[in-house]
Amino acid sequence: MSRPALEFAVCDLCDAHKNDTDGAFRVLPPVFHSYGGIGKFAGPVSTVKCFEDNSLVKLALDEPGRGRVLVVDGGASLRRALVGGNIGAAAARNGWAGVLVNGCVRDAAELAASAVGIRALALMPLPTEKRNEGQRDVAVQVQGVWVRAGDWLYADEDGIVVMPPPAG
C-alpha cells in the first residue's frame with residue numbers, strides 16, 4: 001500500500017466529524033509528544049499489545065510497513081522504552097509511516113533523525129526485557145480510546161485521530 005498524499009489537517013477532520021455520534025471517529029487525548037523526524041503522518045493501523053517487552057514491536061517494524069502506522073499499547077508504562085534508535089531506523093527503512101507508543105521511547109536524537117513519525121508519552125532511557133510476550137493486530141485501548149487494526153490514524157502538530165479507512 002502506498003503512502004497517502006498528506007493533504008489533511010487533523011483540525012479539519014475534527015470539524016468534519018464533530019457531530020458524529022456513532023463512535024467511528026475518535027480523538028486521542030493530547031498526551032503524546034513527537035519524537036520522529038516526520039511530524040505529520042497517516043496510514044492504516046497495525047497494532048501490538050505488550051508490557052515492558054518490545055520483542056513484537058521490533059518484529060513488526062522489521063517487516064515491510066507499506067505506509068502503515070504501528071500503534072503500540074504498552075499499557076502507558078513509564079518504566080521502560082518500547083522504541084529506540086535502532087527500531088526507529090528500522091521503521092523508516094522498512095516503509096512505516098509512523099509509530100504511536102502508549103508508553104515510552106528512548107534515543108531522542110536518533111529518533112529525530114529517522115524519516116518516520118513517532119509519538120509517545122515520554123522518554124525513558126531504560127530498555128525493555130525481551131520475553132517474546134505480547135499480541136499482534138488485536139484491538140487495543142490507547143488512553144481510553146479503542147484502536148483496531150485496519151483503522152486509519154492521522155497525526156499532525158495539532159493532534160491524533162483514528163477513523164475508518166477512507167472510501168475508495
Side-chain angles (χ1 to χ4, degrees), residues 1-10 28-138 140-143 145 147 149 151-162:
M1 182 174 290
S2 63
R3 289 187 186 206
L6 294 180
E7 296 178 17
F8 72 89
V10 166
L28 274 73
V31 296
F32 294 95
H33 303 279
S34 182
Y35 296 103
I38 294 177
K40 183 176 186 176
F41 59 94
V45 168
S46 181
T47 67
V48 167
K49 183 175 180 150
C50 58
F51 187 75
E52 297 181 3
D53 175 356
N54 69 348
S55 304
L56 293 184
V57 176
K58 181 178 182 338
L59 282 174
L61 295 173
D62 279 340
E63 299 172 1
R66 298 183 304 278
R68 291 177 292 166
V69 175
L70 184 66
V71 175
V72 180
D73 179 7
S77 172
L78 301 178
R79 301 186 318 181
R80 301 285 179 155
L82 294 172
V83 172
N86 291 336
I87 292 176
R93 183 174 58 250
N94 292 321
W96 289 83
V99 182
L100 174 72
V101 182
N102 188 27
C104 293
V105 296
R106 65 187 230 156
D107 302 321
E110 292 175 45
L111 294 178
S114 296
V116 65
I118 298 175
R119 302 289 172 94
L121 296 176
L123 290 167
M124 165 49 71
L126 278 174
T128 69
E129 298 294 328
K130 305 287 192 270
R131 300 181 305 268
N132 294 311
E133 295 176 356
Q135 298 171 286
R136 282 285 305 271
D137 290 321
V138 296
V140 296
Q141 208 169 23
V142 175
Q143 297 294 310
V145 177
V147 181
D151 283 341
W152 270 65
L153 183 144
Y154 297 84
D156 69 9
E157 46 283 322
D158 286 309
I160 305 167
V161 298
V162 179

dist Ile87:CD1 -> Asn94:CG (nearest 0.5 Å) comes out at 11.5 Å

Within the structure provided, determine whether Leu28 and Gln143 are in side-chain contact (heavy-atom separation under 4.5 Å). no

Show me the side-chain donor-acceptor pairs of residues 117-128 shorter than 3.5 Å, one per line, residues at least two apart or across chains.
unit_1 : atom_1 : unit_2 : atom_2 : d
Arg119 : NH1    : Asp156 : O      : 3.3
Arg119 : NH2    : Gly39  : O      : 2.6
Arg119 : NH2    : Asp156 : O      : 3.2
Thr128 : OG1    : Asn54  : N      : 3.2
Thr128 : OG1    : Asn54  : OD1    : 2.8

- Query: Does a side-chain heavy-atom distance below 4.5 Å link Val101 with Phe32?
  - Reply: no

Between Asp73 and Gln141, the two heavy atoms sitting closest are OD2-O, 3.3 Å

CG of Leu111 to OG of Ser34, rounded to nearest 0.5 Å, is 10.0 Å

For Leu70 and Ala60, the nearest pair of non-hydrogen atoms, with its separation, is CD2-CB, 4.0 Å

Nearest heavy-atom contact between Val138 and Thr47 is O-OG1, 2.7 Å

The reported gap from OG in Ser46 to CG in Asp151 (rounded to nearest 0.5 angstrom) is 11.5 Å

Hits for salt bridge (charged side-chain N to carboxylate O under 4.0 Å, His left out) against Asp137, two or more places apart or cross-chain, chain-then-number order -> none

What one should report as the nearest heavy-atom pair of Trp152 and Ala42 is CZ3-C, 4.4 Å

Residue pairs meeting side chain to side chain donor-acceptor pair (under 3.5 Å), one or both in residues 79-91, sequence neighbours left out, come to Glu52-Arg79

Minimal heavy-atom distance between Val140 and Val48, with the atoms involved, is CG1-O, 4.4 Å

If you count every heavy atom of other residues, nucleotides or ligands that lies below 6.0 Å from Lys58 atom NZ, does the total exceed 12? no

Correct closest heavy-atom pair for Val83 and Gly88 would be CG1-N, 4.1 Å

Quick check: does any side chain N or O of Asp53 sit under 3.5 Å from a backbone N or O of Glu133, one acting as donor and the other as acceptor? yes

In this structure, CD of Glu63 is separated from CZ of Arg136 (nearest 0.5 Å) by 4.5 Å

Report task. Please lay out, stage by stage, how Leu153 and Phe41 fare under the test side-chain contact (heavy atoms from CB on, under 4.5 Å). Result -> CA-CA 8 Å; Leu153 183 144; Phe41 59 94; 3.8 Å; yes

